[in-house]
Amino acid sequence: MGLLDKFRSGLARTKEKLAGEIKRIVTLSPKLDADALEELEATLIASDLGMTMTTRIVEAVRETYESQGRDGLDVLAIARREVEQSLGAGEVLRKNGGLTVVSVVGVNGTGKTTTCAKLAHCIQKQDGSAMLAACDTFRAAALEQLKAWGKRLDTPVVSGSYGADPAAVAHDAISAAQSRGAEYLFIDTAGRLHTKSNLMLELEKLHRVVGKKLEGAPHEVLLVLDATTGMNALNQARQFHKAVTVSGLVITKLDGTSKGGMVVAIQSDLGLPIKYIGLGEQPDDLQPFDAAQFAEALFTE
């Protein structure tokens, strides 16, 4: 299955809700009056596109209608164009030249451990070398889960014991990755609520320790967000970004939600690039983000 097909399949629930409603509004409102525009606005907001993008799309639709009339109006095409331009070009993981350290952070249950493994798999598919650091030393079975992924993907995993200092595990993992000549080290951090200041301080400590061990580390801080939480993810992103300066987003579980528009809202509001999206459970279902294909999958009848 190609990337566009994966997008279309994963975003099917979001698209069905969004494109269907837009088509209904336009069909029933040939003159596209104020009431129709208000209904369009409500539909876009309900799809978690956020106020910034909603306003942008509605204004573009209004301007097109006023200049070209009803015959030249394709609301889905306008929405697709605005979303693609807002999201911009796809982002990839930066490369440090030597070892690139990537810290994967987020609240509990977003899929950080699985994301770390899938990111390593992405690197290995490109003939790169990757290692995993099991720094979630508190969650039951977290170490075993990452080790199982490591065995499945033939990816080395550095871990400590339950209750060990996560920063110490990360420190040792950098040493191990350097000695093996690995190109990437993905650090699986413990899930933490963005509202718990003590846990956020612990994450800051981990980042300070790896920065002392390797200059510039972590070179990427990827925040994993669960698409099914919709706009609640925006508050998570704000708090994590404030605490540890997030460099990019990974959006998981897009295949099981009608709230796919939240991808657009978070990027529009925070300006953080979306680097990968999760469209399923298999290793290949984590895909580099492509704005054009995402927009097409979201707004194609």
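Computed from a prediction, not measured in an experiment: that's the story for all the values here. Values reported hereafter were calculated over all heavy atoms of this structure, with side chains retained and with hydrogens, waters and symmetry mates removed.
Grouping the Ile, Leu, Val, Met, Phe, Trp and Tyr side chains by contacts below 4.5 angstrom, directly or via other members, places V83 with L37.
In this structure, S268 contributes its side chain and A265 its backbone to no donor-acceptor pair below 3.5 Å. Formation of a donor-acceptor pair under 3.5 Å by the T100 side chain with backbone atoms of K95 is not found in this model. Panel note: side chain K112, backbone V107; a donor-acceptor pair is recorded below 3.5 Å. At distances below 3.5 Å, not a single donor-acceptor pair connects side-chain atoms of S159 with backbone N or O atoms of C135. With Y65 contributing its side chain and D33 its backbone, the two residues share no donor-acceptor pair below 3.5 Å. Side-chain atoms of T64 come within 3.5 Å of backbone N or O of A60 as a donor-acceptor pair. Between the T137 side chain and the A164 main chain, a donor and an acceptor come within less than 3.5 Å of each other.
Across Y162 and L143, no two heavy atoms sit closer than the pair OH-N, 3.8 Å. The two residues A134 and V169 come nearest to each other via the heavy atoms O-CG1, 3.6 Å. Minimum heavy-atom separation, T189 to V104: OG1-O, 2.7 Å.
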Using residues 123-132 as the side-chain source, report each donor-acceptor pair under 3.5 Å to any protein atom, sequence neighbours left out, with the distance given to one decimal.
from, atom 1, to, atom 2, distance (Å)
Q124, OE1, T155, OG1, 2.7
Q124, NE2, L153, O, 3.2
Q124, NE2, T155, OG1, 3.3
K125, NZ, D284, OD1, 3.2
S129, OG, E183, N, 3.0

Please tabulate, for the side chains in residues 241-250, all donor-acceptor contacts under 3.5 angstrom to protein atoms that are two or more places apart in sequence or on a different chain.
from, atom 1, to, atom 2, distance (Å)
H241, ND1, V246, N, 2.9
H241, ND1, V246, O, 3.4
S247, OG, E220, OE1, 2.5
S247, OG, V221, N, 2.9
S247, OG, V221, O, 3.2

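Scored by the salt bridge (charged side-chain N to carboxylate O under 4.0 Å, His left out) test, D165 finds K205 as partners (sequence neighbours excluded).
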